[in-house]
Protein chains: 2
Amino acid sequence: MDDNMLQPHTEPSYVERLRRQGVRVTPQRLIVLEALAAHSGHITADEILRWAALRYPAINLATIYRTLEMLISIGLVAQSDFGSGISYFELVGEAPHHHLVCEHCHAVLEVDDKALQPLHESILHGYGFATNSRHLALFGCCQACLAALEQSVR
Amino acid sequence: MDDNMLQPHTEPSYVERLRRQGVRVTPQRLIVLEALAAHSGHITADEILRWAALRYPAINLATIYRTLEMLISIGLVAQSDFGSGISYFELVGEAPHHHLVCEHCHAVLEVDDKALQPLHESILHGYGFATNSRHLALFGCCQACLAALEQSVR
DNA sequence: GTGAGTGCAAATGCTTTGCAGACGT
DNA sequence: ACGTCTGCAAAGCATTTGCACTCAC
């Protein structure tokens, strides 16, 4: 199959990175990567399926899960479970960041890892535990819901 | 049924707290509370079932889930999903704390909430997001696995 | 006595797996 | 051509739900 036809928007580096890992470059894998790239943030397996099916209707959910598993194992993708029982996937980018998950409206904000540097250090020193700087999830209540809650109290 | 026979080890305050909420006090509910109290840390629904079945064989998993849901809704129990797709439950105690989940050996350490105070504040100020002080889960690598990894590199 | 709570069994939803066939190398 | 990868269908697993019965109040 013609690579150029199917991955016009894919960073060529991904193809190389797959090859370098000794795994085969297939249209399905490129499409999963494109789906991840298109949704700069987090995306579920099912969302990848629906997005991919637009251009490659025959693609199968099992293939997507297997592809994601492979991409995670080679460090190209990070998986986060926001406590919902549903896994979210995203490309591992240059800048590590984390997620603030609102327990009320389920919105997900991203936090730059720099903001958590003091946390990493205090936990490393206090507990000898090296927190992962790639995909933490912090739960709480976002600004909008905080405001709404305050309103209802009055 | 005789409460005293079935909840000799249960804090009487739990019975009162249930009554105060207007929910019925049943042996199943007391046993779930005892199971949670017996495992001071985190425990899965299935572990509660096995523990409870020792003294009350007829108890059912669905009942345990429904009981946990109720206990969470009245604030007696906290639920954490450590990214494994399995929920862990624990009694909400006096001192808020969080969990450090080792991605290698799956050990779970507890962190006092005080250690995260700077984090709460910096996120509140920087993002207007009020992080939950009850059940955060932080992922990373524990001391033992860090040491083991260092060994293997040499 | 009444309705909240329970047990049972079946259903749900996400994810994984077995296997035969397809395709990247 | 070889062996990896895919599609399909079925299984797994934690959790939820519908319903008739039971028991705490």
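Just so we're clear, the structure is a prediction, and the values are computed from it rather than from any experiment. By convention in this document, chain letters (A, B, ...) are assigned in the order of the sequence lines, proteins followed by strands, and residues within each chain are numbered from 1.
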Member of Tyr14(B), Trp51(B), Phe89(B) meeting the side chain to side chain contact (heavy atoms under 4.5 Å, CB included) criterion with Leu36(B): Phe89(B)
Length of the CD-C1' vector between Gln21(A) and dC5(D), whole Å: 17 Å
Protein-nucleotide distance (Leu68(B), atom CG; dT17(D), atom P), rounded to Å: 15 Å
Any donor-acceptor N/O pair, Glu150(A) side chain to Ala147(A) backbone, under 3.5 Å: no
Nucleotide dC5(D), atom P - distance to CD1 of Ile31(A) in whole Å: 17 Å
Among dG7(C), dC14(C), dG24(C), the one nearest Pro27(A) by side-chain distance: dG24(C)
Nucleotide dT16(C), atom C1' - distance to CD1 of Ile64(A) in whole Å: 14 Å
Selection from dC14(C), dT6(D), dG7(D) that lies nearest to any side-chain heavy atom of Ile59(A): dG7(D)
Check: dG7(C) base within 3.5 Å donor-acceptor of Arg66(B) side chain: yes
Value in whole Å for how far the P atom of dG13(C) lies from CG of Leu49(A): 16 Å
Approximate separation, where rounding is to 0.5 Å, of Glu90(B) CD and Gln79(B) CD: 11.0 Å
5′-ward residue of the pair Val23(B)/Asp46(A) relative to DNA chain C: Val23(B)
Step-by-step side chain to side chain contact (heavy atoms under 4.5 Å, CB included) determination, Ile48(B) to Ile59(B): CA-CA 10 Å; Ile48(B) 294 175; Ile59(B) 200 165; over 6 Å; no
Whole-Å distance separating the CE atom of Met70(A) from the P atom of dT17(C): 16 Å
Proximal nucleotide (of dG7(D), dC14(C), dT15(D)) relative to the Thr63(A) side chain: dG7(D)
Gln28(A) side chain near dG24(C) phosphate (N/O to OP1/OP2, under 4.0 Å): no
Polar pair under 3.5 Å, donor/acceptor by atom type, side chain Arg24(A), base dT4(D): yes
Distance test, side-chain N/O of Arg29(B) to OP1/OP2 of dT6(C), below 4.0 Å: yes
Short side-chain N/O contact to dC23(D) OP1/OP2 from Thr26(B), under 4.0 Å: no
Whichever of Tyr88(A) and Leu61(B) has its nearest DNA chain C nucleotide further upstream toward 5': Leu61(B)
Rounded distance (Å) that lies between atom P of dA24(D) and atom CG of Leu30(B): 10 Å
Atom pair CG/CD of Leu91(B) and Glu34(B) - distance to nearest 0.5 Å: 11.0 Å
Touch class at under 4.0 angstrom, heavy-atom based, for Thr44(A) against every strand present: nothing
Atom pair distance, as rounded to whole Å: CG in Asn60(B) and C1' in dA14(D): 14 Å
Listed nucleotide nearest any side-chain atom of Ala62(B), set dT25(C), dT17(D), dT6(D): dT17(D)
